[in-house]
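Below is one structure, written out as structure tokens; the observations come after it.
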Amino acid sequence: MTLLPPVSGVTADSLLDGLNPQQREAVTYRGPALLIVAGAGSGKTRVLTHRIAGLIASREAWPSQILAITFTNKAAAEMRERVGALLGGAAEGMWISTFHSACVRILRREAEHLGYTQSFTIYDSADSKALIRRIVKELEADLLGFTVPSVQGRISKLKNELVDPDEFSRQASDRDPRDAMFLDIYRRYERELRRANAFDFDDLLGQTVTLFRAFPEVAAKYQRRFRHVLVDEYQDTNHAQYALIRELTKRVEPKDVPLDTRTELDAEGGIEGASLTVVGDSDQSIYAFRGADIRNITDFERDFPGARVVLLEQNYRSTQNILEAANAVIRNNFDRVDKKLWSADGAGEKIVGFTGYSGHDEAQFVADEIHRLHDTGVAYGEMAVFYRTNAQTRALEEIFIRSAVPYRLIGGTKFYERAEIKDVVAYLMATANPADELATRRILNSPKRGIGPATETALWDFAQKRDVPFREAMRRVDEIGLGPKVTRAIVELTRLLDETAAALDPDRPTGAATVGETVHALVAGSRYLEVLMASGNPQDEARAENVEEFVNVAKEYDKNNPDGSLVEFLTEVALVAAADELDDESGSVSLMTLHTAKGLEYDTVFLTGIEEDLIPHRMAAQEPGGAAEERRLFYVGITRARRRLYLTLAMTRAQFGESAVAMPSRYLDEIPTELIDWRVSPLDATSRGGTQPRALNARRGEWEGRGGRRPVGSEAYSTAGGYGRVGPGDAEARPQGERGYSSVRFRDADAGRETRNASKPKQKWINEVTGQVRDNSAMELERGDRIRHVDFGEGTIRAVTGTDAKRIAEVDFDTAGRKKLLVKLAPIEKL
DNA sequence: GGCCCTGTTCTTTTT
DNA sequence: GAACAGGGCC
């Protein structure tokens, strides 16, 4: 244990400056268990960091006795930094990490107890899916109706509940052939993981619990070390995580106390359990679908008798209008402890509502507002766009690119999920962990070496017959009697992997190869990059770029972690979360799902796609408790906004390439009318008795009272066939938006007349914005030029900025208002 | 063994 | 409208 560095100037008192009474209580309370019920924006990170800093500043704890668990790596990094800032750099030795990272750290040290080596690999969900696919195929389980995702989901659920195959067989009916089959799959899956010296995501938690339960003396090591355990986002913990916390905070029995311990002993010679602090908000529990159990937080006081509960209700983030909307929505969830967020900051601006004709129309509105706000001084990085499903990004991205909105997608199809990256990672896994058969099989034929399924099966059969690992079968390929070409290919691959692995030996004369060198050796040695670059296919070129990017990531890792190892690098790669990609200084608008948004905050938030079947999502609405969870998700979205909140939706939404009618979300009804300033309300867009929720119907009078809202294009629109339920009545109620949003779409592009091709097939509408791929790079434009845009009609160039592919034209359209366009891609022509 | 075509299914959210 | 699996063909 290191000596505490001087804690200059920090006193327990100074850490309380600027905190409200509840926050102070949460920082200073000392006892075995503390639950901090922290409403959105109530300063819980501040409380947690001050609590940790206080423990250290007052010398109640060494940094190494602190274990703080957060939801994402980014949150962990932020907390570490903030504690460090409070203490002047004394955060060394603390464990601040995610559940998964903490478990990996423990498992690496203790792997032998579980029959693993410390270089085990971690299977992400794609990896375990691949493994399950193989098993389902081998057992022909699909004949019994098993699908890969269903099996994967079920196994994950069982693991989260700490139910292993043996336990499952006790619960299962022995008559049901489906249960028997599933048990077979589960058993085989577990066996394969073990053989591969690999853990899946759920194992990281579950196996750590198993380890602690099976080896109390091992558990005691950690129980003694961590005197203060703090858990953030406690409402989203699952059973395995709960069990882990319980294990970590258990009293150490006298028999497990080592003789040389310096920890204080209790009366019987044991060591009392660590003190536990959990922070959470049951209104923000949004991960039940992956096993999070809200009872962990609601039953906390029962689980930990004598626990103190502190409520943080004052919100320091949002305006009162935003909070009122949030409160009004969440109030509809029954069986919750009533909690009301309040702010001392004043009402603020109204929430802005907008209904577009289509998802593209909605996206255009968002893009225009982003530009408008940016012009008034709001930084792009202070704005975020949220959506329920990743599929919604398509329309947003298309419009954002065309409108020259600088944006960043958070999550979605992640870099590390790309096939080419997974391939390179598989090379690394096979190098670091030769037992990893799945990784080895993955790279067997990529790049193509003429090793097909037949050869793979031959290798596998050989391995089975001789009872040797797959990799050994590869080394002995000449004994199998395959064709000379195939044999040579396998010999070469095996040599590459073995030689690269040998270079990792630290006792090598030149020292162990770095991660960057290892990646380079594999990518070059396998000719993976070379083959991609030579293919001439533009998609392959993009893949090659990704691989090069990955090589750079590895080099960067070397620079930042001089003592890092390949195994540690792989761990980091496996455990990156969507939110970790966030870069505060990127200067772009962030796009992400509502789930990813948890724990973040922005000056301006756009909540898009606020429609039935999207939020609440069609799939979720069926599940027990699903509707309530969806409402919490919506609540989380609202409470991310500091000053400005937009709620947007569309009348029609593209799904499966088809356009479908969308209805306003029921949650919109739950927000008091006076809080929302509808630029275009759903009522304007869709009224025709009976199809929309009643409350929106009831608001109708308000709109009818206003003048100047005659619809444009109603005639043409009304004759349009094939639009599902969007019929004449809908069009009649459709106004011309005050600023011309959406209505432009109903006009003829050149004249603004109401003749827009009503009789054309609906494809025409959908493709209008998305369809054209063009390149206007050569178009010369300057101030004063007149142009015509497919959607916005004619306009005058106001300014042109940027160069080449990033040239942006600011245009005053005659009817559609001012817009920014990316010249290269905009559907425009010069007049 | 590899390529290309077709049909199918899919979309809820993620460590 | 894409990604993927399966089948047919070279």
Side-chain angles (χ1 to χ4, degrees), chain A residues 69-76 97-104 122-126 128-130 133 137 142 147-149 152-153 156 159-160 199-206 233 236-238 240-241 285-292 386-395 410-414 416-417 419 444-445 448-457 482-483 485-486 489 539 571 574-580 592-598 609 613-623 626 629-630 632-634 636-637 653-659 763 766-767 770-771:
Chain A
I69 296 178
T70 59
F71 204 66
T72 63
N73 295 303
K74 183 175 185 272
S97 69
T98 63
F99 269 108
H100 292 267
S101 311
C103 286
V104 171
I122 300 164
Y123 281 5
D124 67 14
S125 28
S128 60
K129 187 183 248 167
R133 184 176 298 127
K137 221 173 256 170
D142 51 332
T147 64
V148 174
Q152 189 179 23
S156 174
K159 287 193 175 190
N160 285 163
F199 292 112
D200 67 17
F201 270 150
D202 301 314
D203 281 340
L204 298 177
L205 305 167
E233 308 282 12
D236 282 323
T237 50
N238 61 31
Q241 291 165 329
S285 159
I286 54 173
Y287 282 105
F289 73 92
R290 72 167 198 221
F386 302 156
Y387 37 82
R388 176 67 236 267
T389 69
N390 281 306
Q392 290 166 250
T393 54
R394 190 163 300 148
I410 313 299
T413 317
K414 277 171 264 160
Y416 293 107
E417 284 170 10
L444 222 40
N445 201 33
K448 299 214 176 354
R449 318 183 158 84
I451 306 176
T455 308
E456 201 181 319
T457 310
L482 295 161
K485 221 180 112 208
V486 174
Q539 285 201 322
T571 304
L575 296 182
V576 282
D580 298 339
M592 69 189 85
T593 65
L594 284 164
H595 282 89
T596 304
K598 189 178 75 161
D613 290 350
L614 228 37
I615 184 157
H617 194 275
R618 177 146 28 112
M619 299 291 169
Q622 332 278 351
E623 293 159 19
E629 174 145 324
E630 296 285 304
R632 290 194 292 268
L633 195 53
F634 187 50
V636 166
R653 191 160 295 274
Q655 54 174 352
F656 306 126
E658 298 240 298
S659 174
Q763 265 337 81
I766 295 162
N767 289 341
T770 63

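Letters go in sequence order (proteins before strands), and every chain restarts at 1.
- Each of A:Glu629 and A:Arg449 lies near DNA chain B, and the nucleotide nearest A:Arg449 is the one positioned closer to the 5' end.
- Look at the P atom in both B:dT13 and C:dC4: the space between them is 15 Å, to the nearest Å.
- For A:His617 against B:dT12, no side-chain N or O and base N or O form a donor-acceptor pair under 3.5 Å.
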With B for base contact, S for sugar-phosphate-only contact and - for none (protein heavy atoms under 4.0 Å), nucleotides 2-10 of chain C reads ---S-----
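- Residue A:Glu417 contributes atom CD, which lies 12 Å from atom C1' of B:dT15 at whole-angstrom precision.
- Taking only side-chain nitrogens and oxygens, A:Thr72 never comes nearer than 4.0 Å to OP1 or OP2 of B:dT15.
- Between the CD atom of A:Gln241 and the P atom of B:dT15 there is a distance of 12 Å, rounded to whole Å.
- In this structure, A:Asn390 atom CG and B:dT11 atom P are separated by 12 Å, rounded to whole Å.
- B:dT12 atom P lies 14 Å from atom CG of A:Leu633, rounded to whole Å.
- You cannot call A:Phe201 stacked on the base of B:dT15; the centres under 5.5 Å and planes under 30° rule is not satisfied.
- Among the atoms of the strands shown, none is found under 4.0 Å from any heavy atom of A:Phe99.
- With contacts defined as side-chain heavy-atom distances shorter than 4.5 Å, the pair A:Leu594/A:Ile286 does not qualify.
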Run the ring pair (Phe, Tyr, Trp, His ring centres under 6.0 Å) test on A:His617 and A:Phe289 for me, step by step, so that the C-alpha distance in whole Å, both residues' side-chain angles and the decisive distance to 0.1 Å come before the verdict.
CA-CA 13 Å; A:His617 194 275; A:Phe289 73 92; over 10 Å; no
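- Side-chain contact check for A:Tyr287 versus A:Glu233: every heavy-atom pair is 4.5 Å or farther apart.
- One finds a side-chain N or O of A:Asn445 lying less than 4.0 angstrom from the OP1 or OP2 phosphate oxygen of B:dG2.
- A:Asp236 has its side chain within reach of A:Lys598: a pair of non-hydrogen atoms, C-beta onward, lies under 4.5 Å apart.
- We find that CG of A:Asp202 is positioned 13 Å from P of B:dT15, with the value rounded to whole Å.
- A:Gln152 has its side chain within reach of A:Ser128: a pair of non-hydrogen atoms, C-beta onward, lies under 4.5 Å apart.
- Using a 4.5 Å heavy-atom threshold, the side chains of A:Asn238 and A:Leu205 count as touching.
- Taking every side-chain heavy atom of A:Thr593 into account, B:dT14 is the closest of B:dT12, B:dT14, C:dG1.
- Atom CZ in A:Phe386 sits about 13 Å away from atom P in B:dT14, given to the nearest Å.
- Taking atom CD on A:Gln392 and atom P on B:dC10, their separation rounds to 19 Å, with Å as the unit.
- The interatomic distance linking A:Asp236 (CG) with B:dT14 (P) rounds to 13 Å, in whole Å.
- Take the nearest nucleotide of DNA chain B for A:Arg388 and for A:Lys448: the residue whose nucleotide is more 5' is A:Lys448.
- Of the possible polar contacts, one joining the A:Asn445 side chain to the A:Gly450 backbone as a donor-acceptor pair under 3.5 Å is found.
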